[in-house]
Amino acid sequence: MEYGTSRCDDGQGEPPAVPEQRRGVHGRMPLAVVVIDAEGRVTHWSSGARRLFGPTREQAVGCPAVDLMPVSGALRGAEVRSDATGHPELDDPLLGTMYYPTAGRARMADPAHGQADVLWWAYPLVGPGPERLLVLAADANGVGGDALGRDERIAPGFALHTEFPGAERLAGRLPDILPNMGPATAGRIVAQVLELGYPVLEISHHERVPVTPDWGMPRYRERRARQGAVLRRAVTADGAPDRAHASARSLDPDEVDLEYAAVRERLEFLNEVSGRIGSSLDLARTIREVTSAAVPRFADFAGTHLRAQVLAGEGFPDGPPDVTTVWHRVWVEHNDEPGRWDDTVPVGESIAFPEHTPFFQCMVTGEPVLIPSISDEVGDRIAGQFEKRDLRPLINGRSILIVPLKARDVVLGFMVLLRRPGREPFDDMDRTTGAELAARAGLVLDNARMYTYQENVAETLQDSMLPQVTPRMAGCDTATRYLPGTRLGRVGGDWFDTIKLPGSRTALVVGDVMGHGLTSAAMMGQLRTAVQTMAALDLPPAQLLRALDDLAQRLGEHYLATCLYAVYDPVSSELVLSNAGHIPPVLVRAQDGRSELLDLPTGAPIGVGGVPFETVTVRVEPGDRLVLCTDGLVEVRGQDIGAGIAALCESAAHPAASMDDACDTIIRALAAASRDKDGRGGRKDDVALLMARLSGIPAEQVAQWRLALDPSEVGRARRLVRERLLRWGLPESVETAELLVSEAVTNAIRHAHTHHVRLRLVRADALLCEVTDDDHGLPALLSADRDDESGRGLRVISKLAREWGTSRTGRGKTVWFEQALAHSGERR
């Protein structure tokens, strides 16, 4: 709080007699308090300074004082330097004007704030802190009115505080004019102010009246209780200071200014805090903002606890808390010496509070708990409820206020506030202020909690839909990255997939549903499932996209997505691709490290309908890398997408030790390219990246034969498989492979119509066997009794093979199975 005084005489000779109650009475004129560092920048800016000069505390702190305070002479020589001992350097050229305090009167130079006379006092400061100048200022018009005669003049000045009655009491109240900068700093500054001269008003240069925050009125605590009542009425009336003033009019006229100033100070504090909190929907950040706002202006210590399930984003708590409720200490703020609270009340600790403590009382009743001064007896009793921690050195002798953080009448958390013994203890007015602070914080926290919960639900949904890509397929290594967007509601519709196909082939898919949020994520899940289902039927890429487009139109007219579908055959070293409005992939050649953007027909997005899709075949070599991504990686608002694609091609060509390193290189390069020279910007859309190294399968690891439609060919097939496996050094796999091949070839010869049956073996991480015939009917797994002569082949295959399946081809069908390798000998 910052307050001043007014006093008058007739300005002629000896001052006239004045009533005793006016002589030396300390008035109620608001003061602006500003502290400036050695560089001339504001470090402290009081609410009185905001009212007098205009800028808010956030706008003023850190700015040059000369730009904020249109007061002539107040800042002249503000840079007072000190030596290593903290004493002023006597040879400083500024010392002649600033080693002693100065005062003056000036007219406001900024027309935006009106024309007003300003009284000011400036004190040079020395010591270990950054503070180098204390400026007190007041509106000279506030001293006028009926109290001054027409010919009387006022001017700011200085006097020893011992010149006034009640000097000790005045000195004790002087710290209240400082903007709550902590007892050590405030004490150092007050000591220098008292030594250099007490701020006074000189009335016609005959009388000196001390400028002090002390009201000189009795029944202080009684009035503080009245102030609490006024504040409660004020915050009920939407927190408007004018209404608070109207409420104060019902008090004694001599006390109206006192009540109004105190209530206004509290309302300004609440409004400033309300403006600071809630700037983010991040729950932890909101808690830090609320806690930090209370120190040091309202308390010397603030610690905030939340129910663990609230912090974890698990939804709204069920029922009231009890002794089993776990609370998480989210943040602690204090102005004690560093580290004093760290061991006893560490940030991040989870704790259940004992029943017989004020903390438990607050959280179960949902009402503030106030202890004006914690006696040794009370402190011992509270500390005794906690095991393995001694709270007594931290709480004994202090004033404590515990306020609940509630939403919809449910306690989400609570804040513990403490004041030092030398500071005015918490009272009913502070209880009202703290309760209002907690009420506003509770609403903000509940909003952040609901957002966190909804975001967790959405992310869980999306994570469940994103594939767990197998890093190793036959002749193909893959690596992936998914980055959620930075915009509000980070869930999007980007996805990628790798799908195992018959013939050791791999389908590589990347897609992007237009839009964001749960709807896009849900559509992404439907399309991804459809792609997997149709890929299992081994549909050609263009036909698959055609069927996917039909499905999207049946799901709804607003379902739009882009999709790129590629099939890699490691045996023939070919890529077959089809595109539905997606960004083309980048192919990095292993031979020379050159990267190229594949030239594919763009096609229309999925869901447009009526547009044909084309297929392109690209020849690749072992070691080539294919990079597929969504537009969130290369597209930045306000920039040409061509620049992003060029950056993708360039970064993809960089050599890397592994596939994961190559993905990280691309992400870093594209993230840097999206920012401007000042580091602003960046990508806001989600990103899906799929990279595949097309290793291929060497020809010597593939064997295939044609078999005639003759039952005797079954024996030949067993012999060919045995010889090939022995050549590959897999003798322990021969017996099972012979049995499985025998069953598959027998069924193929039985159901084939013309031509021949083809048998193929591929050795990769497992042994793949494919049997192809010209019959289009897919076999089904049937139950077979002991006496049945058919229906046993597929049952044997399903029991002994690691995986098996059937698929249609252009001329018939293929039955395939994979057999785990029992032994890997030397390849020959």
Side-chain angles (χ1 to χ4, degrees), residues 1 3 47 176 180 213 215 217 219-252 255-278 290-291 293-304 358-359 361-374 398-407 409 411-420 423-445:
M1 300 186 298
Y3 308 100
S47 58
D176 286 351
N180 289 333
W215 297 104
M217 294 182 181
R219 303 189 307 276
Y220 175 71
R221 290 195 177 278
E222 182 179 333
R223 286 186 173 82
R224 291 280 288 184
R226 295 189 195 179
Q227 294 166 4
V230 175
L231 180 63
R232 285 190 291 274
R233 291 195 294 271
V235 298
T236 302
D238 300 328
D242 289 341
R243 300 190 183 187
H245 200 181
S247 300
R249 292 178 187 140
S250 62
L251 301 176
D252 187 330
E255 301 172 5
V256 168
D257 287 340
L258 165 63
E259 312 297 354
Y260 173 53
V263 171
R264 184 175 62 183
E265 180 74 16
R266 293 304 194 277
L267 290 176
E268 287 180 349
F269 166 68
L270 290 173
N271 289 333
E272 288 179 13
V273 171
S274 299
R276 291 173 57 183
I277 65 177
V290 173
T291 311
V295 178
R297 188 168 180 181
F298 187 69
D300 297 309
F301 169 90
T304 304
F359 317 105
Q361 179 185 350
C362 174
M363 69 190 194
V364 297
T365 64
E367 298 295 333
V369 175
L370 170 63
I371 304 178
S373 181
I374 301 178
R398 298 200 176 200
S399 180
I400 185 171
L401 175 63
I402 308 172
V403 291
L405 303 172
K406 297 191 297 184
D409 293 328
V411 177
L412 305 180
F414 60 90
M415 182 182 296
V416 181
L417 302 164
L418 292 167
R419 283 182 179 174
R420 301 173 186 272
R423 189 171 179 178
E424 195 69 36
F426 291 115
D427 57 17
D428 288 339
M429 187 177 186
D430 295 317
R431 185 207 302 265
T432 303
T433 303
E436 179 64 18
L437 170 64
R440 300 185 186 192
L443 294 177
V444 175
L445 288 176

Using 0.5 Å steps for rounding, measure from the CD1 atom of I371 to the CZ atom of F426.
11.5 Å
Is C362 close to P368 at the side-chain level, that is, under 4.5 Å between some pair of heavy atoms?
no
Does R398 pair with D300 as a salt bridge, N-O distance under 4.0 Å?
no
Please say which of L417, I374, V369 ends up in a side chain to side chain contact (heavy atoms under 4.5 Å, CB included) with I400.
I374
Nearest heavy-atom contact between G366 and V411 is CA-CG2, 3.9 Å
Restricting to non-hydrogen atoms, name the atom on R431 and the atom on L370 that form the minimum distance, rounded to 0.1 Å.
NH2-CD2, 3.6 Å
Any donor and acceptor pair, going by atom type alone, linking the side chain of R419 with main-chain N or O of E424 inside 3.5 Å?
yes
Tell me whether R420 forms a cation-pi arrangement with F301, defined as NZ or CZ under 6.0 Å from the six-membered ring centre and within 45 degrees of its axis.
no
I402 and F359 have their tightest heavy-atom pair at CD1-CD2, 3.5 Å
CG on D430 to CG on L437, rounded to 0.5 Å
11.5 Å
Testing the basics here: between A302 and T291, what is the closest heavy-atom pair and its distance to 0.1 Å?
O-CG2, 3.3 Å
